[in-house]
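Please read all numbers here as calculations on a predicted model, not as lab measurements. Each chain gets a letter, A, B and so on, in the order its sequence line appears, and its residues count up from 1.
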Amino acid sequence: MERSSRPFGYGNGLRTLSVVTVIAIAVALGLVFFYAPLEAEQGFLQKIFYVHVPLAIIALCGFVLGGLLAIQHLRTRDPRWDMRSYVVIHMSLIFAVGTLITGSIWAKGSWGHWWVWSEPTLVSFLIIFLLYATYQPLRFAIEDPERQARYASVFAITAGAFVPMNFIAVRLSTAYLHPRVLGSTSNLPGPMALTFLVSLVAMALLFATLCKYELTAKHTRSQLRALRRRLSGELADAPTRPRSAVPAIQHAAAAPARAAGRPVL
Amino acid sequence: MLSVILSEVPALPLHTAGKYVAGAYIVLFAIVLIYVAIMAIRLSRIERDLGELLSMSERAGEPPASSAGQHSAEPTAGATGKQDPQPESTLA
Amino acid sequence: MSGVQTPQRPRETAQPVRNAGLWRTVAALLRKELLVELRTLESVPAMSLFALSTFVVFHFALNRNSVEGDLGAGILWVTLLFAAILGINRLFVADADQGGFDAFLLAPVDRSAMLIAKALTLLAYLAVLELIAVPAFALLLLGAPLGPALPGLVTTLVLADLGVAVIGTLVAAMAVRTRARDLLGPLLALPLLVPVVIGGARATSPLLVQAHPAGVGGPAIRWLLTLGLYDLVFGLIAFALFDFLLED
Amino acid sequence: MSEPALELEGLARHYGEREALSGVSLSLAAGQTLVVFGPNGAGKTTLLRVLATLLRPHAGDVRVLGANLPDQAWAVRGRVGLLGHEPLLYRELTARENLRFHARLHGVSDERVHELLGAVAMGSRAGEPLRTLSRGMVQRVAVARAVLHDPELLLLDEPHSNLDPAAVELVAPLIGAASGRTRVICSHDPTGDLAQADVVLGLRAGRPALLSAVAEVDPGEIAELYR
């Protein structure tokens, strides 16, 4: 039997990516605390801006990216796209939780109470979080992995289109209570803008690293299950896969290798 | 060297505002830590499964080398550098 | 009874059997839908009674004899939203349980006919609901006269109902063939319908007020635009994605 | 019609990790009858649903009535009649309303509905909701629904379940050998259905364990499937 499947194609990519991410985050933290001047009005509290807003932007981009990957999955019916869409949305949900928590900390700092309805980004994030919180239960509620992937992709595309719509509606309806420094990234003086950009890049790299890390872990687990099926195929009836929200990638372990060029991701 | 940097740095006004800023960054750090912890648990589960499989393959009498021999531990040098274009280009 | 020998009709070549066009299929589906609803009276009465009892609950919860402006619009729209959720939950149940999907998939018809028919059915349910709930709301809770506000209110309701019908049908189709169908429906629909409630409530709150200095102005145009954009975007998405929910 | 009605080559369909069908290859000429035997869960119903274009084949190429699935599925719909375990009828509606609904979907006239209601002797009870009728009567209406659009290929999943002998006699011209249509029948009793078979397929855990013309098959092999 020729090589059953290409060796894992992830390892090296992950190593270089994580090194770059660590450097970027270190630089960002250095800039935030030692280089960026104190903002006139909010003073030191404004430093939260450099973590809250990048988290928010990356989470939103992640949700929309999850929708785009889902479109690709519906077009090509290739379960790997569904796996990517699942991981990206799963990660964006974690970043959205981070956004909500840092946002409420910021609200406590600047207006004295943990939740503020007048801040549009916070409010729309709560709605988006509530929507994407149903992604996992929806996947878990469908047994057939192929249909699970398809329904999840339909959800991801609908929710991906919902994200901007929700922002428009909430932004229109929220009275502006205070200067727009919290959300806006445009009218920042030079050094602040640089610091913000570096923090944004660092956050994006963190997102990419964690996604790749999870993809590798999931791929390894499905390879393992394929190996278990092949081995136990000889010994006893293979234990069927327990029902789970995680996409199932069928590694036809016995089947000839996929196109040699494309790594199995 | 350290003293030079410390003298340069603007005094960090860690009064009330600092509490919240510290809180925010700790939250970010906590999220990443929790995530790494969960992945560590998964990794240990994978190792346990792998152990089971190894024992299984010995019981099946077939030496594991024949079936999984080609899986070199380290990704082969031959593999092209940029394995997977998708996640890295999340920014693009 | 001698077995009737069915006439062996000549068969054309292997070209597809294109039967009635899209709209005749939609008409057939609609006729069946409304027939089943009239026979069972499952959805519409339940939605209307639910709305009325919600007004009563609001009265005691808020301990107010009459409401107007933002509070009034809020109560109306929240009640309509949750009553619509009831309709969404029941929309595909008959089809899922009695093989309606398979029967439809076997026929040589355009698959989006089911989306259009079901959306129109939900629209009809919402219309009947509003015909009952809005006057009841005016009678029971609304402090302001309904008359002058009616035209603005109706346009907003129509735009919002379109959004609810489209999103409701897509979510219902997604939720009905899963294990936790009664839970997933509302969980998916509520966040998705928040912009509709925002648009609806903001558009109608200036209408439901007692004092009319220079007559009641129309609903703010930007809210109608938001609702219109919402309907358009999700209408296209539902049209593109609905087939993927049916096939297997 | 020289072209075979059915041509399957390595048809496979899996449900997650489990293979519902794999490696099914056969060819059936028009007008012939294929009878499929196999224990429960062997994949018989899955095979019928794939041929009826309700399920997409995951592997292998499938040609039904000259169109290959799943790309040209639209060319097959409306030319296939499926009679499965579910009658695919609405319990709240009457037999006539159900058949009229299906007739409109398939572009068939109302006389055909009336004619078929007579053919299955349901004319008298056509006005009552299906939930008030016995399972046998519902099965007869389901038979009428399956042949309403005069399909070229009939897919029958244990067609005679819930039918008393008189009813079997009644529906014979519609779905029996006399109907002259190409038929695929899933069955459990080798005695009855083996007689009307031209080709026999035995399925076991999704795999074809037995495939041969009816002459060469002996009942022992069929019994073997169920052991």
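- Counting only heavy atoms from C-beta outward, the side chains of Thr178(C) and Phe140(A) never approach each other to under 4.5 Å.
- Looking at Arg177(C), both its backbone and its side chain come within 4.5 Å of chain A, counting heavy atoms on both sides.
- Only the side chain of Glu143(A) comes within contact range of chain C, with heavy atoms under 4.5 Å apart.
- For the atom pair CG of Leu172(A) and CG of Leu225(C), the computed distance is 9.5 Å after rounding to the nearest 0.5 Å.
- Residues Phe244(C) and Tyr151(A) approach most closely at O-CE1, 4.4 Å, considering heavy atoms.
- Counting non-hydrogen atoms of neighbouring residues, nucleotides and ligands closer than 6.0 angstrom, the CZ atom of Phe82(C) reaches no more than 12 such neighbours.
- Proximity to chain A is absent for every atom of Leu227(C), based on heavy atoms less than 4.5 angstrom apart.
- Residues Leu184(C) and Ala141(A) come closest through the heavy atom pair CD1-CB, 3.7 Å.
- Only the side chain of Ile198(C) comes within less than 4.5 Å of a heavy atom in chain A; its backbone stays farther off.
- Across all non-hydrogen atoms, the minimal contact from Met165(A) to Thr226(C) is CE-O, 4.4 Å.
- The contact between Ala173(C) and chain A is made entirely by backbone atoms, counting heavy-atom distances below 4.5 Å.
- Between the CG atom of Leu131(A) and the CG atom of Leu187(C) there is a distance of 10.0 Å, given to the nearest 0.5 Å.
- Minimum interatomic distance between Leu188(C) and Phe155(A) (heavy atoms only, all atoms of both residues): CD2-CE1, 3.2 Å.
- Between chain C and the residues Asp144(A), Leu130(A), Leu138(A), Ile128(A), the largest count of heavy-atom pairs under 4.5 Å involves Leu138(A).
- Only the side chain of Ile237(C) comes within contact range of chain A, with heavy atoms under 4.5 Å apart.
- Within the 4.5 angstrom heavy-atom criterion, no atom of Tyr135(A) approaches chain C.
- Proximity to chain C is absent for every atom of Arg139(A), based on heavy atoms less than 4.5 angstrom apart.
- Heavy atoms of Phe242(C) lying under 4.5 Å from chain A are absent altogether.
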